[in-house]
Every structure is written in structure tokens, then in C-alpha cells.
**Student:** 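Pasting in a structure now, in C-alpha cells, and then I'll have a few things to ask.
Since the structure is predicted, the reported quantities are computational estimates derived from the model, not experimental observations. All heavy atoms count here, side chains included; hydrogens, waters and symmetry mates do not. Chain naming here is simple, since letters A, B, ... match the order of the sequence lines and numbering starts at 1 in each.
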Amino acid sequence: EVQLVESGGGLVQPGGSLRLSCTASAFTVSSNYMTWVRQAPGKGLEWVSVIYSGGSTYYADSVKGRFTISRDNSKNTLYLRMNSLRAEDTAVYFCARDSGYAFSDYWGQGTLVTVSS
Amino acid sequence: QSALTQPASVSGSPGQSITISCTGTSSDVGGYNYVSWYQQHPGKAPKLIIYEVSNRPSGVSNRFSGSKSGNTASLTISGLQAEDEADYFCSSYTSSSTRVFGTGTQVTVL
């Protein structure tokens, strides 16, 4: 059964850093497109970043230059390194498998990131 | 990367049909047949219900259907049921190789 489990969320001060992890089961992360999506409390979904199977990466303008998506093939895990965090980055962060045709068929349960002093 | 535009809320009685619109530009919705729709119940992860404009994943009810005309995509829910009460989001591939979500629509079953 395909499963995605996020971890690494928590409380961080403005300007701080955090690394989110997303461990996959029953499929290979490196052979798929993988994406991060976030949802601020009470708000809609916001696409954050995607990494293609070939390694190309793309980011939303709101996080470009501050966030980095990566993966560890040996651990079958996707990461999101978040630097220079702002209050507006507070959200539940979901990882998802991207089909390659820009739809996400499997999602994790999400991990909450709170940026506050 | 502006969010796609959806109505904030749509409601209908059980058994009725409702349609949710999703309006973008020629750089996203209008330019590609890579529009998808997601259903999200409170506190849950989104669930894919339509991909590539009009395709349903295995296990999704055939009461859900999708279409597109120009820069606007639509999701229709027919035979509305209480369990359909949820938030719905559209998404599209963009000319920048990114993705963009819609603003979201809250569906209420009266």
C-alpha cells in the first residue's frame, strides 16, 4: 500500500530554519515526481515545490530562494529545507506524489509548521 | 502565479447537481489539459477526484465529472449526497512548469 509520512514540523522563530521529511512506502521516490503543498490555518491549498525524477526542481514565487526540495534515494525520502521562515509560512505541509501530469494521486497526512516568536 | 478563481461557496439539496468553476489564464488552465480536482474534508488530506480535465481515478464515484472550455474548467457533482459536503480545489499545470491551485469552494448540502 502506498503511504507517505511527513515529519519535522514544529514551532520555529521568524528567521529560523526547519527541514521537513516525507518517507514513502510501496514506491520509489526517485522514480517519481514529488511535490510539497501547504495549507495555512483556515485557508486554501498552496503549491510549494516539485522535484522531477530527473532532478529538476521548481518553486512557487513565495518560497523561491528560501526553500529547497531534495531527496535521499537510499532512504526513499523527500525533504523540504525551509530557511528565513516568516509568519506567513505557518501552515500544514503535505507531501504528495505528482503523476508527472501535474496531478497528485497520493498524499501524506501533513505536518504543521508554526512560525512565531 | 496567481491562484485560479473559484466561487467561495456552492450549495445544493440532496439529489441535485452542482457545478464549480475554476478560471485561470492561457498560461495555465487554457493552455494545457492538466487540470485536476481535489476534495478535502476538514482535518484530512486532499483526495484526487478528477485528473487531466475529465478523468476519474479508480474508486471515485461517477457522480463527479470534469470539463474545460477555454480558460475555465468545471467540476460537476450530480446526485448530491451528504458525504459530498467538503472543500473542493482545482489545480493546473502552468507554463513555468509549476502548479497552481484554485482558491477553493466550500460545498454545502442543504
Side-chain angles (χ1 to χ4, degrees), chain A residues 1-7 9 20 22 24 32-65 67 69 88 91-112, chain B residues 1-9 20 22 24 27-29 31-60 66 68 73 75 86-106:
Chain A
E1 177 190 2
V2 170
Q3 195 170 11
L4 292 165
V5 179
E6 301 98 335
S7 60
L20 305 183
C22 170
N32 286 268
Y33 291 19
M34 298 294 296
T35 193
W36 287 97
V37 174
R38 68 184 182 183
Q39 187 168 36
K43 303 296 185 182
L45 301 175
E46 180 185 13
W47 180 81
V48 173
S49 181
V50 65
I51 183 168
Y52 286 3
S53 52
S56 297
T57 58
Y58 299 91
Y59 299 90
D61 288 344
S62 58
V63 307
K64 198 176 298 181
F67 290 12
I69 191 171
E88 54 264 37
V92 173
Y93 284 74
F94 297 98
C95 68
R97 188 175 79 170
D98 185 300
S99 66
Y101 296 99
F103 63 88
S104 294
D105 51 2
Y106 292 99
W107 294 68
Q109 83 289 351
T111 187
L112 175 63
Chain B
Q1 288 184 348
S2 298
L4 309 175
T5 300
Q6 298 180 231
S9 62
I20 302 168
C22 169
S27 296
D28 39 62
V29 174
Y32 309 92
N33 286 324
Y34 295 147
V35 175
S36 52
W37 289 89
Y38 302 87
Q39 176 192 62
Q40 187 182 34
H41 287 105
K44 301 294 187 181
K47 174 188 176 183
L48 177 70
I49 57 173
I50 294 288
Y51 65 95
E52 292 174 26
V53 177
S54 59
N55 296 305
R56 274 189 315 276
S58 174
V60 172
K68 192 186 84 166
L75 172 72
D87 293 326
Y88 292 82
F89 297 90
C90 60
S91 178
S92 175
Y93 179 77
T94 81
S95 58
S96 302
S97 300
T98 60
R99 287 93 169 109
V100 61
F101 281 98
T103 50
T105 298
Q106 183 177 54

**Student:** Rounded to the nearest 0.5 Å, how far does OG of S2(B) lie from CG of D61(A)?
**Tutor:** 9.5 Å
**Student:** Sort P46(B) into side chain, backbone, both or neither according to what part of it lies under 4.5 angstrom from a heavy atom of chain A.
**Tutor:** both
**Student:** Chain A heavy atoms under 4.5 Å from S96(B): which part of the residue, side chain, backbone, both or neither?
**Tutor:** backbone
**Student:** Minimum heavy-atom separation for Y34(B) to A102(A), with atom names?
**Tutor:** CB-CB, 4.3 Å
**Student:** Once you round to the nearest 0.5 Å, how far does CZ of F103(A) lie from OH of Y38(B)?
**Tutor:** 7.5 Å
**Student:** How close do K44(B) and F94(A) get, counting heavy atoms only, and between which atoms?
**Tutor:** O-CZ, 4.3 Å
**Student:** V48(A) versus chain B, heavy atoms under 4.5 Å apart: side chain, backbone, both or neither?
**Tutor:** neither
**Student:** First locate atom CG of D98(A), then atom OG of S91(B), and finally report the distance between them rounded to the nearest 0.5 Å.
**Tutor:** 8.5 Å
**Student:** If you measure from CZ on R99(B) to OH on Y58(A), what distance do you get to the nearest 0.5 Å?
**Tutor:** 9.0 Å
**Student:** Check whether Y52(A) gets within reach of chain B through its side chain, its backbone, both or neither, counting any heavy atom under 4.5 Å.
**Tutor:** side chain
**Student:** Strictly less than 4.5 Å between heavy atoms, which residues of residues 39-46 of chain A line up against chain B? Please order them by number.
**Tutor:** Q39(A), G44(A), L45(A), E46(A)
**Student:** Would you mind telling me which of S99(A), A60(A), G110(A) has the largest number of heavy-atom pairs within less than 4.5 Å of chain B?
**Tutor:** A60(A)
**Student:** Checking Y93(B) against chain A: side chain, backbone, both or neither under 4.5 Å from a heavy atom?
**Tutor:** both
**Student:** Counting only heavy atoms from other residues, nucleotides and ligands, does the tally under 6.0 Å from OH of Y101(A) exceed 12?
**Tutor:** no
